[in-house]
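A, B, ... follow the sequence lines: proteins, then strands. Residue 1 opens every chain.
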Amino acid sequence: MAVQGGRVEVLDLTEDRRVRSRSQLPLAGLARLVAEREAAEAPRWVWTDTNQVAPLLLAAGVRIGRCLDLRLCRTILQHAFPDQSWPEPHWPTAAIGQQPEPTLLDGLLDEDAAVDGSGEQVLAEHLRQQEAVAAAPSPGRFRLLLAAESAGALIAAEIYHDGLPWDRRVHDQILTAELGQRPAPGARPQRLAALAEVIRGLLEAPGLNPDSPVELLRALRRAGLDVTTTSKWALREVDHPVVQPLLEYKRMARLLAANGWAWMDAWVVPAADPGRKDRFHPEYVPGGVITGRWATSGGGALQLPKQIRAAVQADPGWRLVVADAAQIEPRALAAMSGDRGLAEAGRGSDLYQGLVDAGVAGSRNEAKVAMLGALYGATTGAAGLLMPRLMRTYPQATRVVEEAARTGERGGVVRTWLGRTSTLPPASWQEAQAAASQPGASAAVEARARQSARDWGRFTRNFVVQGTAAELALCWLAELRRRLALLAEVDQRPHLVYFLHDEVIVHSPGPLAEQVADEVCASLTEAARLLFGQPRVEFPLQTAIVSSYADAEH
DNA sequence: CACCCCCGCGCG
DNA sequence: AAAGCGCGCGGGGGTG
């Protein structure tokens, strides 16, 4: 479909993507048309931008099964096939929650849209993308990736619409207990102000603003502390009476700035009726991270601190099904590399303990440090020391990340399991490498080039694992959404309300919660089968059925 | 005043 | 001051 200037053109395509029929209608009539087609044949809707259409459908209470978001797909395909010609599309893009109001001009533009045949443009883009997919080395994987990416866009729009159930009263209680009563705008809450005074006294700096790193560093050094930064990592190493209150101050100031009363007023909408909780509407950005993870564009949904998770509360009679995938990245690496040894270590709920049992590490923490070091490219410290043993024990798995690192160091691109492709290093990187290869390049220039080469190698090393885990998580979400839709009509349907890379929360009517927990687990297993074929690697989950997010311990 | 960068810290 | 990846956000501090 093509949306332009308050009207929409819908092309009905055959299996082999020929136009069977077309219709034009005002945007206001779209929800009804979609609902009818959805009930009749559940088509895959192809549109340029989910944010342009989904909010409208959701507001009308219409839920669809499948879509293709051409904007997101195009980004993936352009990275994967940069040599192909990708004519600039003239698509209006929409940020979620910011539907532009119709203007007087829209009435005039309608006529243009009609003769312009924008439906044809959208169709042309769709066909171009499908050709690129068909010509890919693994078309099936690409199709799965594009479907999963699009399902993600749909889910993000639904989560934004439905909101995460929240209790402003509980949130306020946490803030008041930590910081003191809510102050006038711009003023420090009482407990925070008192702590600032203590710090000024201990540092003998009467006018000090502890929120200013520059002022604070100067005051710390004048008081004789040997620090070069005010970060808490550095402060922890120092023995001085000001350290403890200062760390406490930083913790509290952070809570106030990031998730204080101002945040609550901006992002949490009070409940419409007493039978429901309030709602936090997180703005997710599917495809917002280079590796394929989601980003956020406001509200900081991906940084919700543990401190305030008690405010996430199910509606009366409903429950939260909280589930997180255990060690999803090392397991994804085991699956994509076909490393049977690592798969074996992951048999059971704790892969890190499996590494200990296999004799790779002396303790669980040591195993975790070693494995994360392999995924991130650690060279020094404990992780660096443990690397050789990891490489000897799991040669297939470690070869995948090592090769990705070498490719990145040479300036090449790498791909995830389903084909998401990394970007080329920036021009400045290329220039640094070129400068270092000139005869007579100085040692400093060479060192800088080597350093940036290694830096890029760590990026590509992590890209293949983080990106593959992200697409597994997307397929997990999509499969879970599909299954939840079968359980009940929209009003009483368990629905996704939160997603955090490898963790989901489903808001479910109480009686369905146990079944939902089973579906969450089954969905991840099914997603892994879709990606990697017959199961060799297990993807276990920790699940909890709770009323408050804070009660899900993990 | 708007804009940008840096710092520091929250999350995985 | 993180050793080692990916992000967003708010405050300070500077610039135009």
Side-chain angles (χ1 to χ4, degrees), chain A residues 186 188 208-218 225-238 246-247 249-260 262-263 266-267 282-309 324-330 332-333 368-387 390 401 404-405 408 414 416 420 422-423 451 454-470 473 498-504 549 554:
Chain A
R188 280 197 182 90
L208 172 68
N209 173 13
D211 293 324
S212 163
V214 175
E215 278 185 43
L216 182 58
L217 183 60
R218 205 180 307 137
L225 281 81
D226 181 26
V227 287
T228 55
T229 150
T230 65
S231 81
K232 64 180 184 182
W233 311 104
L235 291 170
R236 269 189 204 144
E237 303 300 311
V238 180
L246 188 51
L247 290 176
Y249 179 91
K250 280 169 164 283
R251 214 173 57 80
M252 290 164 56
R254 165 79 193 182
L255 175 63
L256 175 67
N259 297 100
W263 179 89
W267 294 103
E283 291 186 12
Y284 288 115
V285 185
V289 177
I290 191 73
T291 58
R293 280 182 170 186
W294 289 7
T296 49
S297 76
L302 297 177
Q303 304 141 258
L304 207 61
K306 296 204 162 76
Q307 244 176 332
I308 60 162
R309 290 184 179 181
D324 75 313
Q327 307 102 29
I328 195 170
E329 290 192 351
L333 177 60
K368 185 173 175 177
V369 165
M371 185 48 78
L372 292 180
L375 302 186
Y376 294 159
T379 52
T380 62
L385 290 175
L386 291 162
M387 275 299 287
L390 206 61
V401 284
V414 295
T416 61
R420 197 186 298 264
S422 68
T423 53
Q451 181 62 44
R454 277 195 296 263
D455 290 346
W456 199 258
R458 283 195 304 278
F459 162 64
T460 51
R461 168 197 293 271
N462 187 247
F463 181 95
V464 296
V465 180
Q466 187 183 117
T468 299
Y498 193 63
F499 174 52
L500 191 56
H501 308 313
D502 59 358
E503 178 172 349
V504 301
Y549 189 13
H554 47 246

Rounded to the nearest angstrom, tell me the gap between atom OH in A:Y284 and atom P in C:dC7.
-> 17 Å
Report yes if at least one side-chain N or O of A:R458 is closer than 4.0 Å to OP1 or OP2 of C:dC5; otherwise report no.
-> yes
Scan A:G299 against the nucleic acid and name what it touches under 4.0 Å (heavy atoms): base, sugar-phosphate only, or nothing.
-> sugar-phosphate
Please state whether the rings of A:Y498 and A:Y284 are parallel, tilted or perpendicular, taking 30° and 60° as the class boundaries.
-> tilted
Given C:dC5, B:dC11, C:dA1, the nucleotide with the shortest approach to the side chain of A:K306 | B:dC11
Please determine, for the side chain of A:A295, which listed nucleotide (C:dG12, C:dC7, B:dG12) has the closest atom?
-> C:dC7
B:dC9 C1' sits how many Å from A:R236 CZ, rounded?
-> 11 Å
Is any side-chain heavy atom of A:L304 closer than 4.5 Å to a side-chain heavy atom of A:L500?
-> no
Pick base, sugar-phosphate or nothing for A:N209, based on heavy-atom distances below 4.0 Å to the nucleic acid.
-> sugar-phosphate
Give one of base, sugar-phosphate or nothing for A:L375, where a contact means two heavy atoms less than 4.0 Å apart.
-> nothing
Please state how far atom NE2 in A:H501 lies from atom C1' in C:dC5, giving the value in whole angstrom units.
-> 12 Å
Nearest to the side chain of A:E215 - C:dG4, C:dG8, C:dG13?
-> C:dG13
Heavy atoms under 4.0 Å, any strand shown: does A:R309 hit a base, just sugar-phosphate, or nothing?
-> sugar-phosphate
May I ask you to say what A:L304 touches in the nucleic acid, namely base, sugar-phosphate or nothing, with a heavy-atom cut-off under 4.0 Å?
-> sugar-phosphate
Presence of A:T291 side-chain N/O under 4.0 Å of C:dC7 phosphate oxygens OP1/OP2 = no
Whichever of A:G288 and A:R188 has the more 5' nearest nucleotide on DNA chain C, that residue is A:G288
From CG of A:L500 across to P of B:dG10 the rounded distance in Å is 15 Å
Given C:dC7, C:dA1, B:dG12, which nucleotide is nearest the side-chain atoms of A:T228?
-> C:dA1
In whole angstrom, what separates A:W263's CH2 from C:dC9's P?
-> 12 Å
Distance-only donor-acceptor test (3.5 Å): side chain A:Q466, base C:dG6 = no
In A:V401, A:I328, A:T416, the residue satisfying side chain to side chain contact (heavy atoms under 4.5 Å, CB included) with A:V465 is A:V401
When rounded to whole Å, the CZ to C1' distance for the pair A:F499 and B:dG12 reads 10 Å
Report the distance from atom CZ of A:R251 to atom P of C:dG10, rounded to the nearest whole Å.
-> 20 Å
Distance, C1' atom - from C:dA3 to B:dC5, rounded to whole angstrom = 26 Å
Rounded to whole angstrom units, what separation is found between the CH2 atom of A:W294 and the C1' atom of C:dC7?
-> 15 Å
Examine B:dC7: is either OP1 or OP2 under 4.0 Å from a nitrogen or oxygen in the side chain of A:K250? Give yes or no.
-> no
Nucleotide nearest A:D502 when distance is taken to its side chain, options B:dG12, B:dC7, C:dA1 | B:dG12
Check whether any side-chain heavy atom of A:D455 sits under 4.5 Å from a side-chain heavy atom of A:Q451, and report yes or no.
-> yes
I would like to know whether A:D211 and A:R188 meet side chain to side chain contact (heavy atoms under 4.5 Å, CB included); could you show each step before the answer?
-> CA-CA 11 Å; A:D211 293 324; A:R188 280 197 182 90; 3.2 Å; yes
Mind checking the C1' distance from C:dG4 to B:dC4? Whole angstroms is fine.
-> 29 Å
If you check every side-chain atom of A:S231, which of C:dA1, C:dG13, C:dG11 has the closest atom?
-> C:dA1
Would you say a side-chain N or O of A:T379 is under 4.0 Å from OP1 or OP2 of C:dG4?
-> yes
Donor-acceptor under 3.5 Å (A:D502 side chain, A:D324 main chain) = no
Side chain of A:T380 only, please: which of B:dG12, C:dG4, C:dC7 is the nearest?
-> C:dG4
Looking only at atom P, what distance separates C:dA2 and B:dC6, rounded to whole Å?
-> 15 Å
Closest nucleotide among B:dG10, C:dA1, C:dG8 to the A:K232 side chain = B:dG10
Checking all strands, does A:R293 fall into the base, sugar-phosphate, or nothing category for heavy-atom contacts under 4.0 angstrom?
-> base
Look at the side-chain N and O atoms of A:T230 and state whether any lies under 4.0 Å from the OP1 or OP2 oxygen of B:dG8.
-> yes
Comparing A:W233 with A:L256, nearest DNA chain C nucleotide closer to 5' gives the residue A:W233
Is A:G384 touching bases, backbone alone, or none of the nucleic acid, heavy atoms closer than 4.0 Å?
-> nothing
With the side chain of A:F459 defined as its heavy atoms from C-beta on, choose the nearest nucleotide among C:dG6, C:dG8, C:dG4.
-> C:dG6
In this structure, CZ of A:R420 is separated from OG1 of A:T291 (nearest 0.5 Å) by 7.5 Å
Go ahead and name the base partner of B:dG12; Watson-Crick or wobble counts if both distances stay under 3.5 Å, otherwise write none.
-> C:dC5
Side chain of A:T296 only, please: which of C:dC9, B:dG12, C:dG13 is the nearest?
-> C:dC9
Identify whether any heavy atom of A:G373 sits under 4.0 Å from a base atom; if not, whether one sits that close to sugar-phosphate; answer base, sugar-phosphate or nothing.
-> nothing
Of the options A:L235, A:T229, A:V227, A:T228, which is the one that meets A:S231 in a side chain to side chain contact (heavy atoms under 4.5 Å, CB included)?
-> A:T229
Just to confirm, is there a sub-4.0 Å distance from OP1 or OP2 of B:dG8 to any side-chain nitrogen or oxygen of A:T229?
-> yes
